[in-house]
Amino acid sequence: EKTLERDPDNAMAAGMLGDLYASIYQYGYEDSESLLDQAEKLGRKAVALDPNCQPAHFTMALVHFLRGQRSQFLSEAEKALELNPNHALNSAALALHLYMAGEQERGLELTHEVMRLNPHHPGWYHLVQFMNYYGQGEYDLALVEARRFNTPVFHFDPLIRAAVLGQLGRQAEASKAVAELLALVPDFQTRGRSLIRRFAYLDEHVDLLVEGLRKAGFELAA
């Protein structure tokens, strides 16, 4: 916000700061939904300053996603992709959110595109393919994608490994992954459903991951 005070008419800065506020909530660093209010305020400011600013529409897409406003999310996501389809990082994030919001074919197609765009992509790009295999019960293939995720500071890394290992009945490995998860988020048992939903969006995705954790021996609070 101090940056914006020095340069209040910078759409790019407003959009990126809005993204930061929304991400703090999505990743679970803080649970106050007032962060989404701040993100939306900045996103709307950025759109007003420059309707063609991709970070502005990306922030608005993320806010709508986190609030469960599917139609608004889809509109903003497609606008952001139209403005800069070659921004691999933003496109990958939007691909993930599109998939989780029920646009599976679009999410998979876009994920493949950004992987070609950036062959040395971060491991979290594999979350879409993990969810696709996991949702189809292709647990061996899902485990391959979970290991490719390889982002140990992000709680979804041990989470998805624990879930798929639980589905495969590999209890010792699943228990180790659960321990890694709790090392990152000690109160995951009580906050887990909320944290999962901030990425997984649909009940069916949340329930499938919670089921895998249960089979791994880790029961989340209702």
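Heavy-atom basis, side chains included; hydrogens, waters and symmetry copies ignored.
The shortest non-hydrogen separation linking Leu117 to Pro85 is CD2-O, 4.2 Å. The heavy-atom pair separating Ala39 from Val63 by the smallest distance is CB-CG2, 3.6 Å. Taking each heavy atom of Asp50 and Ala11 in turn, the nearest pair found is CB-CB, 3.7 Å. Minimum interatomic distance between Arg161 and Glu180 (heavy atoms only, all atoms of both residues): NH2-OE1, 2.6 Å. Nearest heavy atom pair, residue Pro158 against residue Ala177, reads CB-O, 3.4 Å. Nearest heavy-atom pair across Gly107 and Thr111 is O-OG1, 2.8 Å.
Between the side chain of His97 and the backbone N or O of Leu74 there is no donor-acceptor pair closer than 3.5 Å. Panel note: side chain Gln171, backbone Lys215; a donor-acceptor pair is recorded below 3.5 Å. For the pair Thr151 (side chain) and Phe149 (backbone), a donor-acceptor distance under 3.5 Å is present. A donor-acceptor pair under 3.5 Å is absent between the side-chain atoms of Arg193 and the main chain of Asp207, judged by distance alone. Put simply, the side chain of Thr190 gets close to the backbone of Asp187: a donor and an acceptor are under 3.5 Å apart.
For the residue pair Gln69 and His64, a side-chain donor N or O sits within less than 3.5 Å of a side-chain acceptor on the partner. No hydrogens or angles considered: a donor-acceptor pair under 3.5 Å links the side chains of Asn90 and Gln54. Between the side chains of Tyr134 and Glu145, no donor N or O sits under 3.5 Å from an acceptor N or O. Using modelled atom types, one finds no donor on one side chain facing an acceptor on the other under 3.5 Å when comparing Glu219 with Gln189.
For Met16, the CE atom is loosely surrounded, since the number of other residues' heavy atoms within 6.0 Å does not exceed 12. Environment of CD in Glu105: sparse, with no more than 12 heavy atoms of neighbouring residues, nucleotides or ligands closer than 6.0 Å.
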Item to complete: Give the C-alpha distance, both sets of side-chain angles, the deciding distance and a yes or no for salt bridge (Lys or Arg N to Asp or Glu O under 4.0 Å) between Glu40 and Lys45.
Response: CA-CA 8 Å; Glu40 182 173 3; Lys45 176 184 178 69; over 6 Å; no
Discussion item. I'd like to know whether His121 forms a ring pair (Phe, Tyr, Trp, His ring centres under 6.0 Å) with Tyr125, so could you lay out the CA-CA distance, the side-chain angles of the two residues, the decisive distance to 0.1 Å, and finally the verdict.
Written reply: CA-CA 7 Å; His121 52 266; Tyr125 283 28; 5.3 Å; yes
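Taking the ring centre of Tyr25 as origin, the terminal cationic atom of Arg198 falls inside the region bounded by 6.0 Å and 45° from the ring axis.
Both Tyr201 and Phe130 are members of a single hydrophobic cluster when ILVMFWY side chains are connected at heavy-atom separations under 4.5 Å.
With respect to Glu76 and Lys79, no salt bridge is recorded, no charged nitrogen being found less than 4.0 Å from a carboxylate O. Between Glu78 and Arg106 there is a salt bridge, since a side-chain N of the basic residue sits under 4.0 Å from a carboxylate O of the acidic one. Between Arg147 and Asp157, none of the side-chain N atoms (NZ, or NE/NH1/NH2) sits under 4.0 Å from a carboxylate O, so this pair counts as no salt bridge.
Ring planes of His155 and Phe199: perpendicular class, angle over 60° (limits at 30 and 60°). Relative ring orientation between Phe73 and Phe65 is described as perpendicular, the plane-to-plane angle rising above 60° on a 0-90° scale split at 30° and 60°.
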